[in-house]
Amino acid sequence: MKIMAVASIGGHWIQLLRLRPVFEGQDVVFVSTKASFASMVSNCKFYTIPDGSRKNPINLLLSFKVLFKILRQEKPEAILSTGAAPGLLALLCGKILGKKPSG
């Protein structure tokens with residue numbers, strides 16, 4: 001299964017990394033807002049997106065655009081996030097692209 005794991009920097013990223021044992025044997029694509037985090041998941045694909053917030057809404061739009069492109073390119077079967085704007089935007093992009101929620 002291909003999983004796209006998305007988190008912003010800080011605690012959300014740390015929480016996502018703590019879930020790595022669950023991903024064992026899966027094809028995981030990580031997405032975050034800090035390029036240097038790629039070294040923490042060096043055995044997986046990694047994408048950097050712009051870091052947006054209410055104070056920087058233009059970057060939120062740019063993040064949405066980049067996430068949409070990543071989702072279309074990678075075609076994950078599942079999108080996982082531990083929170084914050086990047087995760088919400090990834091889930092929204094997934095919904096637009098017809099990804100179904102699972103539970």
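Being a predicted model, the structure only gives us computed values, none of them experimental.
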*asked:* Parallel, tilted or perpendicular: which one describes the rings of Trp13 and Phe46, with boundaries at 30° and 60°?
replied: perpendicular

Value for CG (Leu17) from NE2 (His12), rounded to nearest 0.5 Å, stands at 13.0 Å

Considering only heavy atoms from C-beta outward, does the side chain of Leu80 approach that of Val6 to under 4.5 Å? no

Exercise. If you group Ile, Leu, Val, Met, Phe, Trp and Tyr by side-chain heavy-atom gaps below 4.5 Å, do Ile3 and Phe37 land in one group?
Worked result: yes

Return a table of donor-acceptor pairs under 3.5 angstrom between the side chains of residues 48-59 and protein atoms on other chains or two or more places apart.
| residue | atom | partner | partner atom | Å |
| --- | --- | --- | --- | --- |
| Ser53 | OG | Lys55 | N | 3.2 |
| Ser53 | OG | Asn56 | N | 3.4 |
| Asn56 | OD1 | Asn59 | N | 3.3 |
| Asn59 | ND2 | Asp51 | O | 3.2 |

Please tabulate, one pair per line, all N/O donor-acceptor pairs under 3.5 Å involving side-chain atoms of residues 25-32, not counting sequence neighbours.
| residue | atom | partner | partner atom | Å |
| --- | --- | --- | --- | --- |
| Gln26 | OE1 | Met1 | N | 3.0 |
| Ser32 | OG | Ala7 | O | 2.7 |

Those residues at least two apart in sequence (or on a different chain) that pass ring-ring contact (aromatic ring centres under 6.0 Å, His included) with Phe64 are none

Just list the side-chain donor-acceptor pairs under 3.5 Å for residues 86-94, sequence neighbours left out, or say none.
none

Distance-only criterion, 3.5 Å: show the donor-acceptor pairs between side-chain atoms of residues 68-76 and protein atoms not counting sequence neighbours.
| residue | atom | partner | partner atom | Å |
| --- | --- | --- | --- | --- |
| Gln73 | NE2 | Tyr47 | OH | 3.1 |
| Glu74 | OE1 | Lys2 | NZ | 2.7 |
| Glu74 | OE2 | Lys45 | NZ | 2.8 |
| Glu74 | OE2 | Tyr47 | OH | 2.4 |
| Lys75 | NZ | Arg72 | O | 3.0 |

For the hydrophobic clusters of this structure (ILVMFWY residues joined by side-chain heavy atoms under 4.5 Å, transitively), does one cluster hold both Leu16 and Met4?
-> no

The test is side-chain contact (heavy atoms from CB on, under 4.5 Å); show your working for Ile14 and Arg18 and say whether it passes.
CA-CA 6 Å; Ile14 292 166; Arg18 288 181 180 160; 3.7 Å; yes

For residues 31-44, the salt bridge (Lys or Arg N to Asp or Glu O under 4.0 Å) pairs (sequence neighbours left out) are none

